[in-house]
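What you see below is based on every heavy atom in this structure, not just the backbone, and it leaves out hydrogens, waters and symmetry mates. Within every chain, numbering begins at 1; the chains are lettered A, B, ... in the order of the sequence lines, protein sequences first and strands thereafter.
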Number of protein chains: 2
Amino acid sequence: MKYDLSKKPTRGAQRTLESFSKTMFNLLAKKSFENISVNEICEISNFPRATFYNYFDDKYDLLNYCWHLLSSQIYLNEQPNETSEKSLATLFDRTYYLLSSHNELLSAILKNNPLDSSLISNFSAYLKRVIQEVFHEYLHFDNNEVPIELVVDHFSNTVMLILEAIFLKRQPITLEEAHKYLNFLLGHLVEGSQ
Amino acid sequence: MKYDLSKKPTRGAQRTLESFSKTMFNLLAKKSFENISVNEICEISNFPRATFYNYFDDKYDLLNYCWHLLSSQIYLNEQPNETSEKSLATLFDRTYYLLSSHNELLSAILKNNPLDSSLISNFSAYLKRVIQEVFHEYLHFDNNEVPIELVVDHFSNTVMLILEAIFLKRQPITLEEAHKYLNFLLGHLVEGSQ
DNA sequence: AACATATTTGGACACTTGTAAAACTTATAA
DNA sequence: TTATAAGTTTTACAAGTGTCCAAATATGTT
């Protein structure tokens with residue numbers, strides 16, 4: 001990303017960032033990512049191409065920023081000091097509701113971008129990274145059997161596995177069932193499991 | 001892929017396929033995938049661009065073919081009729097030795113392509129699909145708690161997690177330790193586990 | 001309102017991409 | 001040998017990509 005998100009953006013920069021990302025979301029709901037060109041994004045957003053490249057390296061970079069916008073809500077309302085079991089279920093639920101709240105958008109995107117497309121992989125990978133980060137911060141898991149990194153990744157993988165089944169593969173799994181699956185696959189590793 | 005791999009290729013086609021894939025492997029050991037162009041591949045291989053497009057859709061398609069070449073060995077010497085536990089360890093070992101046998105190539109590729117690049121994700125994803133296929137065929141796992149697809153994917157994820165740690169993140173993990181981790185993370189789901 | 005500083009803009013550039021159609025080369029079978 | 005089919009090469013095209021620059025414009029102080 002060319003633009004520095006850490007400094008607070010000017011009003012103009014806000015307009016530009018919002019315009020490009022909105023256009024990307026709109027286009028993704030209409031056609032496949034590979035058929036979206038920077039030219040098209042700029043024409044629709046009514047900005048010259050040079051401006052696009054002032055902010056983003058390429059269309060993948062803009063996509064990343066879009067996922068960032070989508071998923072940044074997940075960081076809100078964090079409550080540390082939970083047991084591993086609770087934080088596992090809590091993070092799962094938080095991500096579940098995040099995805100639920102963008103369900104229509106996801107549904108439209110899936111109409112134009114097949115499950116095995118690079119777009120969907122990219123989205124999954126982004127979300128997994130977010131979950132990994134949060135786990136890494138809030139999952140306190142003591143053992144000397146296996147490196148903690150591996151356990152964190154294992155947990156993230158499993159959470160994503162179930163969320164992908166629900167929100168990407170569109171399998172009719174209730175939240176209750178999801179919890180059951182999660183416990184079946186990871187329960188043995190979690191404090192306070194039955 | 002434009003070229004039909006199911007029919008047996010003519011001598012000329014063999015030469016062409018091998019030439020393009022060899023060039024790709026050589027280039028990957030020299031520079032990053034994103035900086036490799038179809039033009040470059042064709043110049044080095046000494047084929048006109050149109051010939052490239054007779055065989056492949058784009059450079060990603062050739063890359064896929066390269067992974068296919070690398071990983072097709074994994075299908076050899078299949079021995080069904082094993083317990084889940086055995087087939088889990090067996091498939092792990094088979095993939096472990098496959099990756100070991102291409103260790104120098106992988107090492108060179110990693111020098112030019114960062115762990116979080118799309119190239120490496122692409123390779124991981126390809127390998128994961130291969131493992132999923134094999135598991136799906138040979139892992140007999142009976143339970144009515146969780147859909148079998150989810151369990152197969154969970155197993156594949158975990159196998160890949162450890163293999164990535166060893167061969168991509170280059171962590172010094174012995175085969176024995178790898179088995180211990182595998183058992184720690186998945187042992188409870190496998191017949192005959194202690 | 002005026003200023004120095006930063007950003008945006010439009011145009012140009014060299015390059016890559018994927019497709020299409022016609023011309024050419026082979027190898028093999030009739 | 002000739003016919004034929006398959007693959008290969010050539011050439012051209014329309015479009016996209018990412019970078020660069022100098023002029024125009026916006027921004028946040030004073």
Side-chain angles (χ1 to χ4, degrees), chain A residues 1-24 26-28 30-66 112-114 117-119 122, chain B residues 1-24 27-28 30-66 112-113 117-119 122:
Chain A
M1 186 129 181
K2 301 251 181 66
Y3 190 80
D4 180 7
L5 284 181
S6 63
K7 70 176 181 187
K8 86 155 187 285
T10 65
R11 184 167 275 121
Q14 277 179 328
R15 251 187 292 119
T16 311
L17 284 167
E18 178 168 332
S19 186
F20 281 135
S21 54
K22 265 198 172 156
T23 299
M24 177 60 99
N26 285 335
L27 281 174
L28 284 177
K30 280 208 198 91
K31 58 195 293 197
S32 80
F33 179 68
E34 51 173 358
N35 289 324
I36 297 173
S37 71
V38 175
N39 280 329
E40 193 177 4
I41 295 166
C42 292
E43 269 161 33
I44 295 177
S45 306
N46 234 313
F47 281 98
R49 258 155 50 75
T51 301
F52 180 92
Y53 287 109
N54 284 342
Y55 285 82
F56 304 104
D57 298 314
D58 47 37
K59 67 174 181 170
Y60 294 90
D61 197 33
L62 166 57
L63 186 64
N64 231 44
Y65 175 69
C66 288
N112 307 295
N113 296 276
S117 64
S118 72
L119 178 90
N122 181 293
Chain B
M1 184 128 181
K2 301 248 181 67
Y3 190 79
D4 179 8
L5 283 181
S6 61
K7 69 176 181 187
K8 85 155 187 284
T10 65
R11 185 166 275 124
Q14 277 180 326
R15 252 187 291 119
T16 313
L17 284 168
E18 178 167 329
S19 187
F20 281 136
S21 54
K22 267 199 170 156
T23 300
M24 176 59 99
L27 281 174
L28 284 177
K30 281 208 198 89
K31 58 195 295 195
S32 79
F33 180 68
E34 52 172 358
N35 288 325
I36 297 173
S37 71
V38 175
N39 280 328
E40 194 177 3
I41 294 166
C42 292
E43 269 162 33
I44 296 177
S45 306
N46 233 312
F47 281 98
R49 256 156 47 76
T51 301
F52 180 93
Y53 287 109
N54 284 342
Y55 286 83
F56 304 103
D57 299 314
D58 48 37
K59 67 174 180 169
Y60 293 89
D61 196 33
L62 166 58
L63 186 65
N64 231 45
Y65 175 70
C66 287
N112 308 295
N113 297 276
S117 64
S118 72
L119 178 89
N122 181 292

| request: Using only side-chain N and O atoms of B:T16, determine if any of them is under 4.0 Å from OP1 or OP2 of D:dT8. | output: yes

| With nearest nucleotides of DNA chain D determined for A:N39 and A:A13 from heavy-atom distances, which residue corresponds to the more 5′ nucleotide? | A:N39

| request: Using whole Å, report how far CG of A:N54 lies from P of D:dC20. | output: 12 Å

| message | By the 4.0 Å heavy-atom rule, please label A:S37 as base, sugar-phosphate, or nothing. | response | sugar-phosphate

| field | Sugar-phosphate, base or nothing in reach of A:K8, heavy atoms under 4.0 Å | value | nothing

| field | Test item: side-chain donor near acceptor, A:S37 and A:N39, under 3.5 Å | value | no

| Considering only C:dT19, D:dT9, D:dT19, which nucleotide approaches the side chain of B:T51 most closely? | D:dT9

| Can you check whether B:K2 has a side-chain N or O nearer than 4.0 Å to OP1 or OP2 of D:dG7? | no

| message | Do B:N35 and B:S32 pair up side chain to side chain, a donor and an acceptor below 3.5 Å, judged on atom types alone? | response | yes

| Taking CD from A:E34 and P from D:dT17, how many angstroms apart are they, rounded to a whole number? | 13 Å

| said: Need one value for B:Y55: base, sugar-phosphate or nothing, where a base atom within 4.0 Å counts as base even if backbone is also close, heavy atoms only. | reply: sugar-phosphate

| request: Just call it for A:K59: base, sugar-phosphate, or nothing, with non-hydrogen atoms closer than 4.0 Å on any strand. | output: nothing

| message | Distance check needed: C:dT8 C1' versus A:Q14 CD, whole Å only. | response | 17 Å

| Distance under 6.0 Å and angle within 45° of the ring axis: does B:K2 meet both against B:F56? | no

| message | Run the salt bridge (Lys or Arg N to Asp or Glu O under 4.0 Å) test on B:E40 and B:K31 for me, step by step, so that the C-alpha distance in whole Å, both residues' side-chain angles and the decisive distance to 0.1 Å come before the verdict. | response | CA-CA 12 Å; B:E40 194 177 3; B:K31 58 195 295 195; 2.9 Å; yes

| What is the distance from CG of A:L17 to C1' of C:dT8, rounded to the nearest Å? | 14 Å

| Does some side-chain heavy atom of B:L27 sit less than 4.5 Å from a side-chain heavy atom of B:I44? | yes

| said: Does any part of the side chain of A:L62, heavy atoms only, come nearer than 4.5 Å to the side chain of A:C66, both counted from C-beta? | reply: yes

| query | Can you tell which of D:dG18, C:dG10, D:dT8 lies closest to the side chain of A:P48? | reply | C:dG10

| task | Specify the separation, in whole Å, of atom CZ of A:F47 and atom C1' of D:dT25. | result | 13 Å

| message | Ignoring hydrogens and geometry beyond distance, is the side chain of A:R49 in donor-acceptor contact with the base of C:dG10 at under 3.5 Å? | response | no

| Shortest side-chain distance from B:Y53, nucleotide among C:dT9, C:dT19, D:dT27 | C:dT19

| task | Let me know the distance between CG of A:D58 and P of D:dG18, rounded to the nearest Å. | result | 5 Å

| Taking CZ from A:R11 and C1' from C:dT8, how many angstroms apart are they, rounded to a whole number? | 18 Å

| query | Where the side chain of A:A50 is defined as all heavy atoms beyond and including C-beta, which of D:dT19, D:dG16, C:dT9 is the nearest nucleotide? | reply | C:dT9

| Nearest nucleotide by nearest heavy atom, which residue falls closer to the 5' end of DNA chain D, A:V38 or A:P9? | A:V38

| Rounding to a whole Å, what distance do you find between A:F52:CZ and D:dG18:C1'? | 11 Å

